[in-house]
Every structure is written in structure tokens, then in C-alpha cells.
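Working notes for the structure below.
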Amino acid sequence: MKILNIHGYNGNAANAAYQALRACDFEIISLQIDYDRMSPEHLMQMFKSQFANNFCDAVVGTSLGGFYAALVSAKSECPCVLINPALVPFITLPQLGYKNDEGIVEYIRLFSGLAETNNSMVSTVVGSEDEIVSTHDFTRRLFQNERYLVVPGGKHSGETLPLEDIFRDHIEDFFPTET
């Protein structure tokens with residue numbers, strides 16, 4: 001199975017999700033993204049193209065990458081795993097120092113695409129003590145499914161979450177196309 005991995009704001013391509021997916025023997029496409037240098041709409045097009053051109057089966061996104069992963073899932077009807085997703089980036093990013101007002105407007109426009117997500121294709125993992133994203137209750141209500149896993153004591157960093165074990169234990173739930 002080939003997976004597109006999208007890291008978070010100020011993150012890196014070899015993030016904790018990448019490491020866990022690699023340990024589970026998935027083939028992974030993971031790009032290094034500078035979210036401050038590219039427009040949100042351009043990034044969305046790039047992620048959709050990467051997903052399609054690399055014939056990916058699923059998408060995993062961490063934090064801001066979770067926002068994009070949910071949108072790719074909506075457009076491609078593919079399974080996605082969202083790790084501490086920042087689904088309301090126009091609220092979260094300014095708190096992290098993001099200063100691009102035009103980008104915030106683009107995030108607001110892209111936000112409506114979340115309504116197109118097929119909830120049965122979404123799995124979510126959140127840390128109970130996430131100190132960065134405060135909108136996980138919104139995420140739970142938006143997707144309304146049973147695959148919403150809260151990791152007690154987990155923080156925002158994927159390194160505080162047992163992602164390798166979670167991927168191994170929930171592979172059929174997280175990736176329903178897996179045979």
C-alpha cells in the first residue's frame with residue numbers, strides 16, 4: 001500500500017507518522033513543505049497531484065497536514081488518518097506565528113471542502129494533552145465516526161503517540177481498502 005504522508009506546520013517529511021508507517025512496511029511519499037512560502041490553494045493542488053500521480057491508496061496527515069489530508073480524502077474518496085489535525089487552520093496558525101493574511105483567507109475558502117469528506121473514510125488520532133490544537137471536539141463532531149482514538153497523556157507531537165502500535169493494531173480500520 002502506498003501512502004501520501006503530509007507533515008504539519010514547521011514539521012518535516014520524516015516526521016513521527018512517516019517513521020511509524022515505514023516501520024509498518026508501507027511505501028510512503030512524504031514531501032518537505034514550507035507552509036509559509038506557498039499559498040494554501042497551491043499546496044492543495046500539489047497534494048492532490050502527488051496523491052494521484054503516485055497512485056497512492058491512502059493519506060496520513062499530522063496537524064496542518066491533517067487539514068490537507070482530509071481535503072485530499074474528500075476529493076479522492078480515499079482513506080485518511082488524521083493525527084492531531086488542525087482542521088481550523090485560520091484559528092490555529094496565527095497562534096503559531098503564521099502572518100500571511102492572504103493565506104488565512106485561502107484557508108477559510110478551503111475549509112468548506114471538509115463538508116465533502118466521506119466520514120467512513122476518516123480515522124483520527126489525538127493526544128489528550130495536545131497543547132497546540134484546541135479544536136479536537138470540532139473534529140470529533142465533524143466526522144462522527146467510531147474511529148476517533150484519544151491517546152491518554154499524548155501531546156501534539158506525534159513522537160508522544162505510539163503511532164507504530166496504533167497503525168499495526170488498527171490497520172483494517174484505518175485503511176479499509178487494505179486486503
Side-chain angles (χ1 to χ4, degrees), residues 3-11 15-18 20-21 24 26 35 40 43-44 47-48 51 56-96 98 104 106-178:
I3 297 173
L4 175 63
N5 176 60
I6 307 173
H7 70 75
Y9 186 69
N10 290 330
N15 65 356
Y18 172 88
L21 291 165
C24 293
F26 289 110
Y35 289 102
L43 285 167
M44 184 61 214
F47 292 133
K48 286 187 336 190
F51 184 86
C56 294
D57 302 296
V59 60
V60 171
T62 302
S63 192
L64 182 57
F67 174 75
Y68 286 106
L71 292 173
V72 169
S73 176
K75 299 294 183 195
S76 304
E77 279 293 311
C78 68
C80 68
V81 178
L82 313 178
I83 302 165
N84 284 325
L87 295 185
V88 192
F90 45 87
I91 292 174
T92 305
L93 285 175
Q95 297 168 350
L96 299 176
Y98 185 81
I104 292 297
E106 288 182 29
Y107 278 116
I108 292 169
R109 277 196 296 270
L110 288 170
F111 178 77
S112 66
L114 293 176
E116 300 172 26
T117 305
N118 177 344
N119 295 353
S120 70
M121 301 297 268
V122 178
S123 299
T124 307
V125 178
V126 300
S128 68
E129 296 181 23
D130 186 339
E131 71 283 10
I132 304 294
V133 175
S134 62
T135 56
H136 293 314
D137 286 340
F138 166 78
T139 301
R140 182 189 297 262
R141 286 191 301 265
L142 176 66
F143 296 126
Q144 301 177 11
N145 70 35
E146 298 299 316
R147 290 184 321 283
Y148 185 92
L149 178 64
V150 178
V151 176
K155 296 191 181 280
H156 188 70
S157 171
E159 294 174 359
T160 68
L161 307 172
L163 293 176
E164 185 178 336
D165 293 338
I166 290 169
F167 287 138
R168 286 190 199 284
D169 292 346
H170 298 280
I171 199 161
E172 289 90 16
D173 294 336
F174 284 178
F175 306 115
T177 60
E178 181 79 2

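The figures that follow rest on heavy atoms only: side chains count, while hydrogens, waters and symmetry mates do not. Because the structure is a prediction, the values reported are computed rather than measured.
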- Task: List the steps, then state whether side-chain contact (heavy atoms from CB on, under 4.5 Å) holds for Phe67 with Thr92.
- Result: CA-CA 11 Å; Phe67 174 75; Thr92 305; over 6 Å; no

- Query: Would Arg140 and Val150 satisfy side-chain contact (heavy atoms from CB on, under 4.5 Å), going step by step from the backbone distance to the final call?
  - Reply: CA-CA 10 Å; Arg140 182 189 297 262; Val150 178; 3.6 Å; yes

- Evaluation steps, side-chain contact (heavy atoms from CB on, under 4.5 Å), between Val126 and Thr139: CA-CA 10 Å; Val126 300; Thr139 301; 5.8 Å; no

- Message: For a side-chain contact (heavy atoms from CB on, under 4.5 Å) check, start with the C-alpha distance between Ile166 and Val151, then their side-chain angles and the critical distance, and finish with the verdict.
- Response: CA-CA 10 Å; Ile166 290 169; Val151 176; 3.8 Å; yes

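Expressed to the nearest 0.5 Å, how far CZ of Phe47 lies from CG of Leu4 amounts to 7.0 Å. Rounding to the nearest 0.5 Å places CD1 of Ile91 at 9.0 Å from CZ of Phe138. We find the CD1-SG distance between Ile3 and Cys80 to be 11.5 Å, quoted to the nearest 0.5 Å. Expressed to the nearest 0.5 Å, how far OG of Ser128 lies from CG of Leu149 amounts to 10.5 Å. Atoms CG and CD, on Leu93 and Gln95 in that order, are 9.0 Å from each other to the nearest 0.5 Å. One finds the CG atom of Asn84 at 4.0 Å from the NE2 atom of His136 (value rounded to the nearest 0.5 Å).
In this structure, the side chains of Leu71 and Lys75 stay at 4.5 Å or more apart for every pair of heavy atoms.
A side-chain donor-acceptor contact under 3.5 Å links Arg147 to the backbone of Ser120. Within the 3.5 Å criterion, the main-chain N or O of Lys155 finds a donor-acceptor partner in the side chain of Thr160. Using modelled atom types, no side-chain atom of Ser63 and backbone atom of Pro85 make a donor-acceptor pair closer than 3.5 Å. In this structure a side-chain-to-backbone donor-acceptor pair under 3.5 Å is missing from Asn119 to Asn145.
Smallest separation of non-hydrogen atoms from Gly113 and Ala74: O-CB, 3.9 Å. Between His156 and Glu131, the shortest heavy-atom distance links the atoms N-OE1, 3.1 Å. Considering every non-hydrogen atom in both Ile83 and Ala17, the closest pair reads CD1-CB, 3.8 Å. When all heavy atoms are compared, the tightest approach of Met121 to Glu77 is CE-O, 3.3 Å. Across Ala69 and Ile6, no two heavy atoms sit closer than the pair N-CD1, 4.0 Å. The two atoms that bring Asp57 and Pro79 nearest to each other are O-CD, 3.3 Å, heavy atoms only.
For the side-chain contact (heavy atoms from CB on, under 4.5 Å) with Pro89, the qualifying choice from Tyr107, Tyr98, Tyr68 is Tyr107, the only one to do so. The residue from Leu82, Asn15, Asn5 that alone fulfils the side-chain contact (heavy atoms from CB on, under 4.5 Å) condition with Val60 is Asn5.
A perpendicular orientation is assigned to the rings of Phe90 and Phe111, their planes being inclined by more than 60° (bins at 30° and 60°). Using bins of under 30°, 30° to 60° and over 60° for the plane-to-plane angle, the ring pair Tyr35/Tyr9 lands in the tilted bin.
Around atom NZ of Lys48, more than 12 heavy atoms belonging to other residues, nucleotides or ligands sit under 6.0 Å away.
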